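First comes the structure, then the notes that go with it.
Not measured: the values here are computed from a predicted model. Just so you know, these numbers use all the heavy atoms, side chains as well, and skip hydrogens, waters and symmetry mates. Here is how names work: the chains are called A, B, and so on, in the same order as the sequence lines, proteins then strands, and each is numbered from 1.
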2 protein chains.
Amino acid sequence: MAETTEPGGTSDLEAILREAGLRITRQRRVILAILAEGGDHPDALALFRRASRQDATISLSTVYRTMKVLEEKGAIQRHTFEGGPARFEHADGRHHDHLIDLDSGAVIEFRSEKIEKLQEEIARELGYEIVSHRLELYGRRRK
Amino acid sequence: MAETTEPGGTSDLEAILREAGLRITRQRRVILAILAEGGDHPDALALFRRASRQDATISLSTVYRTMKVLEEKGAIQRHTFEGGPARFEHADGRHHDHLIDLDSGAVIEFRSEKIEKLQEEIARELGYEIVSHRLELYGRRRK
DNA sequence: ACTCTCTTGCAAATGATTTCCATTATCATT
DNA sequence: AATGATAATGGAAATCATTTGCAAGAGAGT
Ligand SMILES: [Mn+2]
Ligand SMILES: [Mn+2]
Ligand SMILES: [Zn+2]
Ligand SMILES: [Zn+2]
């Protein structure tokens, strides 16, 4: 089996670091791998715990520092959903918004082309250009 | 001129406290008056400073406590825009979302019936019922 | 291997908000 | 108006998430 670099894989995160002239350390590699598998939206502590299993020397500070640097490089996204601490996810291009299940805490992703368009329109009418936006729905399963 | 109770005035906030069996203290009255004039979205410190001009005995703790209690009663809304501390505004029924001017920090209110509808649809399709949501646009003036 | 400098872990610092607690004030009742 | 039960207050200390200072350690180009 060939060594393939899947999109959204860990190697593109490493590439971002490399291109920014940043060093690829053991702890960064571990953190990047966790982010790369994706799927969920872990907070710093969850990331720290998972990373610790791979490399017991990792510190929470390093997790925070790495998140900051990756965010600045645009490699990850930071979300601060209501209530809790910041949560992170690999930014692999395709933008989406979130629906948070108030009972389970689950985060469901969605994307509405129409809403995206309408946002642009609204901003334009108000004389603005959108730099970023945040749309979060908080709800419960319908019985 | 008759003593009129305008909608969104200070007296309805007082009424909410009264109906909840809460006491109307000098400091709460001052804070409520500031919220009632509305217009902007002050954070706790701004609220504290403005209130202090009216009543020098007010403490920041009281501002926070009052915001918490009013939020629980649904009398005000708490917003945590990116970056800064929580900001508050009188919840006078009419829901709206916000556009934040990244340069000036100004907060512009807007409301899109279409977006509100689309959100409901999305949630329904995902099997959810929306309890609350948050839509924030961050942008700059178009030149 | 050498060296320059970026990173790290740990502890201490921060900033926002909450909580503790002794004192004060509200307000229903007398 | 005085009383009393108890909610609210100010100030300090505690909490929580996150950042920062610093000395020691580790990338990576040579
Ligand atoms: Mn996501
Ligand atoms: Mn508003
Ligand atoms: Zn979106
Ligand atoms: Zn809305």
- Between dT7(C) and Thr62(A), is there an OP1 or OP2 to side-chain N/O distance shorter than 4.0 Å? no
- Query: Side-chain N or O of Gln27(B) less than 4.0 angstrom from OP1 or OP2 on dA25(C)?
  - Reply: no
Original post:
Would a distance-only check, ignoring hydrogens and angles, find a side-chain to backbone donor-acceptor pair under 3.5 Å from Ser52(B) to Phe48(B)?
Top reply: yes
Rounded to whole Å, please give me the gap between [atom1] in [X] and [atom2] in [N].
{"X": "Arg18(B)", "N": "dA28(C)", "atom1": "CZ", "atom2": "C1'", "result": "13 Å"}
{"X": "Leu32(A)", "N": "dT7(C)", "atom1": "CG", "atom2": "P", "result": "12 Å"}
{"X": "Leu47(B)", "N": "dA16(C)", "atom1": "CG", "atom2": "C1'", "result": "15 Å"}
{"X": "Leu60(A)", "N": "dT8(C)", "atom1": "CG", "atom2": "P", "result": "13 Å"}
{"X": "Arg78(B)", "N": "dT17(C)", "atom1": "CZ", "atom2": "P", "result": "7 Å"}
{"X": "Leu17(B)", "N": "dC27(C)", "atom1": "CG", "atom2": "P", "result": "10 Å"}

**Asked** Ignoring hydrogens and angles, does a donor from either the side chain of Arg23(A) or the base of dC6(C) sit under 3.5 Å from an acceptor on the other?
**Response** yes
Parallel, tilted or perpendicular, as decided by the 30° and 60° cut-offs, for the rings of His79(A) and Phe81(A)
parallel
query = Taking 4.0 angstrom as the limit, do Arg78(A) and Asp43(A) come out as a salt bridge?
reply = no
For [X], report the nucleic acid contact type (base, sugar-phosphate, nothing); a contact means any heavy atom under 4.0 Å.
{"X": "Leu22(A)", "answer": "sugar-phosphate"}
{"X": "Arg28(B)", "answer": "sugar-phosphate"}
{"X": "Leu45(A)", "answer": "nothing"}
{"X": "Ser61(B)", "answer": "base"}

Discussion item. Let me check something: do Ile115(B) and Tyr128(B) share a hydrophobic cluster, defined by ILVMFWY side-chain heavy atoms less than 4.5 Å apart, either directly or through other members?
Written reply: yes
- Message: For residues Tyr64(A) and Ile34(A): do they belong to one hydrophobic cluster (side chain heavy atoms under 4.5 Å, members Ile, Leu, Val, Met, Phe, Trp, Tyr)?
- Response: yes
Side chain to side chain contact (heavy atoms under 4.5 Å, CB included) test vs Gln119(A) passes for just one of Lys117(A), Glu121(A), Glu116(A), namely Glu116(A)
Residue pair Asp55(A)/Tyr64(B) against DNA chain C: nearer the 5' end by closest nucleotide is Asp55(A)
DNA chain D: first to last nucleotide in contact with chain A (atom under 4.0 angstrom from a heavy atom), 5' to 3', is dA17(D) to dA28(D)
The reported gap from CG in Leu99(B) to CD1 in Ile122(A) (rounded to nearest 0.5 angstrom) is 9.5 Å
